[in-house]
Q: 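For reference, the structure I am asking about is given below.
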Amino acid sequence: MRLPRVVVAAPASGHGKTTVATGLMAALRRAGHEVSGHKIGPDYIDPGYHALATGRPGRNLDPHLVGPDRLVPLLRHGATTPRPADIAIVEGVMGLFDGAIGRDGFASTAHVAGVIDAPVLLVVDVSASARTVGAVVFGLRGFDPAIRVAGVILNKAGSARHAAEARTAVEGIGVPVLGVLFRDDGISAPSRHLGLVPVAERDDARVTLDRLAAQIAERVDLAAVVRIARSAPGLPGADWDPVTAVVPAPGPTGGVSAGPVAGPGGQPVVAVAGGRAFTFRYAETEELLAAAGCRPVVFDPLAAESLPAGTAALYRGGGFPVVHAADLAGNAPLRADIAARIDAGLPTVAECAGLLYLCREVDGAPMLGVVDAVATMTSRLTLGYRAAVAGGPSVLAPAGTPVTGHEFHRTTVSPLAGPDPAWLIGGAGHGFALDPARTGRATVHASYLHTHWAGSPALAARLAAAARRYADPAPGPGVSRGTAGLPSTPTRTAAAPTPTPTRTPVAPTRAPAGLASVADAEPDLHHHGDAEAGPGLLDFAVNVRAQRPPDWLARRIAGTLDTLGRYPDATAATAAIAARHGRPVDQVLPTAGGAEAFTLIARALRPVHAVVVHPQFTEPEAALRAAGHAVERVVLAAADGFVLPPGAIPDAADLVMIGNPTNPTGVLHPAAELRPLLRPGRVLVVDEAFLDAVPGEAESLAGQQLPGLLVVRSLTKTWALAGLRAGYAVGDGELTGRRAAQQPPWSVSAPALAAIAACCAPEAIARAAAELPTIAAGRYRLVRGLAALGLPVAGAPATPFVLVDTTPALPAGAPPGLMRDDLRRRGIAVRRGDTFPGLGPAWIRIAVRDPATTDRLLAALQELIMGTRPFRGTDNGLHSMINRGTVGR
């Protein structure tokens, strides 16, 4: 894309950037150009003037709010919407190199100019200097050679002689002066406590803009500005598209939609507060809501007596409610209408001024009273970038969702946060997440934090989904609706027979009384192999390879005893994991074993359609259900070797959890078949607890940096650390941040962190790999022995355990768990299979052990199956049935 563009910058705030940038936009438009106006930074007010000057939305470019990678796509989008522009004027922020404090100029005008590869025009206030202006421009031009200062506009010159002195100094260093504005030109805009007075509040704005455009056209060389803008190179990539940016959101009946979805009554209306009192919002907010299937309708709280017809959600951005408090309070009909709807569950998002309007009062003027707080004006300006996470699940975001934003206000509310805060900033609660209609989730999300939804499009999708639920309260299949159109907990229904693999919806809570038998038949998801083992039993039930860690690892763990008086430091462990899998540290999270990783995932994510592939380790589903999520099971078939066939995963699934290699089946799924499960809006969680038992870790995804992918690893099995709880998860950095926000402080102990670092070191990996031939030989011995007894194992296991269906060896009419029980009577523990969804009591999992121990198991099985000698234990055993002639050889 060839877009002529120029950035208007200055040495510092107050030099006249907004005046010159807006004047250039208006003058160029009057000269016949289609101009696109943009503002660097989070400011809302300046884009209002840009919109007035250009006749199209003013747009922001802020790398903190949207990420540096979205700056060019958003610039392209703004320059092509609603029609193609032939030049873009980008107004800077503060001084040219001033950005986020402590971040080396991040989000500065220079940073953005570099990202969008645009030349810079400097606006310099010369009212208090003359020749020194040349030195200022010389320093700015040379501070960062990558930034091209292509021209200067001198502002607030006192006289022609004064202007000539400054011009000569600047042109003497080789920088052209494109124009001079004089102190008495009378083209400044009025300001107040948060900067310029918004254009919507100025009846004289059009007149002032016309005068400004005329002054700029007279005093600035517009042709030179256009030539400089045209020197910018082409813009690579694609335009930002709100439709593709919106994360798939739940449809009216709980499904998932990747794009616009309208309920039976058409697109649900999202009422957007506007007018003179609520002018702070980004243009992309409404575009995203529309792309997500809603119809944004702007209304003026100063004039409207009720919300727009069909309102299914409410968005209130920032503005100046303090200035207009009396008029807002005087509109009692609207206040009553909104308060009643919110109390009935209307999805509501309020930022800054929107929060104040929800409070009991603002500087003594009564407001809605939805938020039990009082707002007052102060003399202190709160201004700055923020990084936040959602404090709990709400209409705007799932718990733990990370966002970037900014605060910009001179008011305060007391209290600053409710018991359930909207956001956590630096660990402290900010704002309010409320559920006035008792729907089971927060339908009101109110705080001071301003967010740019182009940087977090899932926020728009979440609100749109809530609006659709509110607009269409009719229940879908298997879903019961709660108060005010919001869904209550899905109920479990008996699934009809379906083709292999089977898909079974499972509710997060027990079924109602009418379906008690279904609930009673549910496997015990919290049953694990350690419950099978016990004193005096030969243990084939637990998958831990040894009784204790190797000596070198035990010494490393013991070496942490002297540090237990200090809180754990995860730095070394995190770095070791990152190095092991070739990932940056922000994609790594040490955990207290794999089980904690699944719990954090379940708490951090809010899937609409979660799928768990079974049979597999039950902790992922247990964690999801404990967090209140409904789960659909995709149950693989024994006849197919428990492999995952194409098309097994529902297209609507937004969370998929699968083991690889899978416990208890031992199946190793090809990575080439797992990668396609990833798609926009879906999270794929792969449990690789046993992947280090596969030579070369073939088919692992742990080293692949794919959006939406999370890989969970456990060190328990290989290194005999079950009692220490050591594991980790790697994957998508944004998802990792969400999980980290859910993790209690210091949940991973210092000994466990030391073990993680040690086990991820290259020498430990080499030691583990050296043991794999022994494991493979032990598995071969076990598989061959079982086959000789008529007990072939399932599939082609790649794990230190195998799965066996004992049905072929059971006598007719025998209880299916008989062989497991008889082995236990003989002092041998195996893992029962009926606690894994998709398996029955005839299935057992057997761990690979050393040859002598394996032979003891095989001998016991031979005695039971072949009847080689009397069994002296119980008359109810399998051998007793054989001796009575019930079973032949």
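Computed from heavy atoms alone, side chains included, the values below leave out hydrogens, waters and symmetry copies.
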Q: Write down the atom of Ala232, the atom of Leu3, and the distance for their closest heavy-atom approach.
A: CB-O, 4.4 Å

Q: Any salt bridge between Glu351 and Arg281, counting N to O under 4.0 Å?
A: no

Q: Counting only N and O atoms by type, is there a donor-acceptor contact under 3.5 Å from the side chain of Arg682 to the main-chain atoms of Leu677?
A: yes

Q: Ignoring hydrogens and angles, tell me if any N or O in the side chain of Arg5 forms a donor-acceptor pair with the backbone of Ile116 under 3.5 Å.
A: yes

Q: Side chains of Thr109 and His111: do they bring a donor and an acceptor to under 3.5 Å?
A: no

Q: Before giving the answer on side-chain hydrogen bond (donor to acceptor under 3.5 Å, both in side chains), spell out for His445 and Ser447 the whole-Å C-alpha distance, their side-chain angles and the decisive distance to 0.1 Å.
A: CA-CA 7 Å; His445 189 283; Ser447 78; 5.1 Å; no

Q: Looking at CG of Asp69 and CH2 of Trp240, how far apart are the two atoms once the value is rounded to the nearest 0.5 Å?
A: 13.0 Å

Q: Which atom names give the shortest non-hydrogen contact between Leu346 and Ala312, and what distance separates them?
A: CD1-C, 3.5 Å

Q: What's the separation between atom OH in Tyr315 and atom CZ in Phe278, rounded to the nearest 0.5 Å?
A: 11.5 Å

Q: Is there side-chain contact between Met1 and Thr80, with at least one heavy-atom pair below 4.5 Å?
A: yes

Q: For the side chain of Lys17 and the backbone of Met94, is there at least one donor-acceptor N/O pair under 3.5 Å apart?
A: yes

Q: For a 4.5 angstrom cut-off between non-hydrogen side-chain atoms, does Ile649 reach Val611?
A: yes

Q: Are Trp423 and Tyr448 an aromatic pair, judged by ring center distance below 6.0 Å?
A: no

Q: Determine, stepwise, if the pair Leu706 / Asp732 fulfils side chain to side chain contact (heavy atoms under 4.5 Å, CB included).
A: CA-CA 7 Å; Leu706 301 172; Asp732 185 304; over 6 Å; no

Q: Thr279 side chain to Arg276 main-chain N or O, any donor-acceptor pair under 3.5 Å?
A: no

Q: May I ask you to decide whether Arg30 forms a salt bridge with Asp210, counting only side-chain N to carboxylate O separations under 4.0 Å?
A: yes

Q: Is it the case that Glu284 and His77 place a side-chain donor and acceptor less than 3.5 Å from each other?
A: no

Q: Specify the closest pair of heavy atoms between Ala353 and Gly319, including all atoms of both residues, with the distance to one decimal.
A: CB-N, 3.2 Å

Q: For residues Leu710 and Ile601, determine if any side-chain heavy atom of one lies less than 4.5 Å from a side-chain heavy atom of the other.
A: yes

Q: Under 4.0 Å between a side-chain nitrogen and a carboxylate oxygen: does that hold for Asp651 and Arg679?
A: yes

Q: If you compare all heavy atoms of Ala26 against all heavy atoms of Ala213, which two are closest, and at what distance to 0.1 Å?
A: CB-CB, 3.6 Å

Q: Do the non-hydrogen side-chain atoms of Arg386 and His406 ever get within less than 4.5 Å of each other?
A: no

Q: Check the surroundings of atom CG in Asp104: do more than 12 heavy atoms from other residues, nucleotides or ligands lie under 6.0 Å from it?
A: no

Q: For Asp654 and Gly681, which heavy atoms make the closest approach, and how far apart are they?
A: CB-O, 3.5 Å

Q: Give a yes or no answer on whether the side chain of Arg29 reaches the backbone of Leu24 with a donor-acceptor pair at less than 3.5 Å.
A: no

Q: Got a second to check how far Leu424's CG is from His430's NE2, nearest 0.5 Å?
A: 8.5 Å

Q: Within the side chain of Thr451, is there an N or O that forms a donor-acceptor pair under 3.5 Å with the backbone of Trp453?
A: no

Q: Heavy-atom count around Arg148 CZ within 6.0 Å, excluding the residue itself: above 12?
A: yes

Q: Measuring from Asp239:CG to Leu74:CG, what's the distance to the nearest 0.5 Å?
A: 10.0 Å

Q: Start with the C-alpha distance between Ile216 and Leu222, add both sets of side-chain angles, then the distance that settles side chain to side chain contact (heavy atoms under 4.5 Å, CB included), and finish with yes or no.
A: CA-CA 8 Å; Ile216 292 291; Leu222 294 181; 4.2 Å; yes

Q: For the backbone of Asp62 and the side chain of Asn60, can you confirm whether one donor and one acceptor N or O come within less than 3.5 Å of each other?
A: no

Q: Compare all side-chain heavy atoms of Leu61 with those of Val90 and state whether any distance is below 4.5 angstrom.
A: yes

Q: Taking the six-membered ring for Trp, are the ring centroids of His64 and Tyr385 within less than 6.0 Å of each other?
A: yes

Q: Is it the case that the side chain of Arg462 and the backbone of Ala458 share a donor-acceptor pair, with hydrogens and angles ignored and the cut-off at 3.5 Å?
A: no

Q: Report yes if the side chains of Val7 and Leu121 come closer than 4.5 Å at any heavy-atom pair, otherwise no.
A: no

Q: Answer yes or no: is there a side-chain heavy-atom contact under 4.5 Å between His50 and Arg59?
A: no

Q: For the pair Thr311 (side chain) and Ala313 (backbone), establish whether a donor and an acceptor sit closer than 3.5 Å, ignoring hydrogens and angles.
A: no

Q: If you compare all heavy atoms of Arg76 against all heavy atoms of Ala238, which two are closest, and at what distance to 0.1 Å?
A: NE-C, 3.5 Å

Q: Once rounded to the nearest 0.5 Å, what's the spacing between atom CG of Leu709 and atom CG of Leu684?
A: 5.5 Å

Q: Begin with the C-alpha distance, continue with both residues' side-chain angles, and end with the deciding distance and a verdict on side chain to side chain contact (heavy atoms under 4.5 Å, CB included) for Leu449 and Val403.
A: CA-CA 10 Å; Leu449 190 71; Val403 298; 4.1 Å; yes

Q: Check the pair Ile89 / Val6 against side chain to side chain contact (heavy atoms under 4.5 Å, CB included), numbers first and verdict last.
A: CA-CA 5 Å; Ile89 304 296; Val6 67; 3.5 Å; yes

Q: Can you find a heavy atom in the side chain of Val220 that is under 4.5 Å from one in the side chain of Val225?
A: yes

Q: Thinking salt bridges, do Lys39 and Asp46 make one under a 4.0 Å N-O criterion?
A: yes

Q: So, taking the atom named OG1 in Thr18 and the one named CD1 in Ile45, what distance separates them when rounded to the nearest 0.5 Å?
A: 9.5 Å

Q: Just to verify, which of Val444, Leu463, Leu314 counts as forming a side-chain contact (heavy atoms from CB on, under 4.5 Å) with Val349?
A: Leu463

Q: In terms of side-chain heavy atoms, does Ser108 have a donor or acceptor partner in Asp98 at a distance below 3.5 Å?
A: no

Q: Using modelled atom types only, decide if a donor and an acceptor are shared between the side chain of Asp86 and the backbone of Glu34 within a distance under 3.5 Å.
A: yes

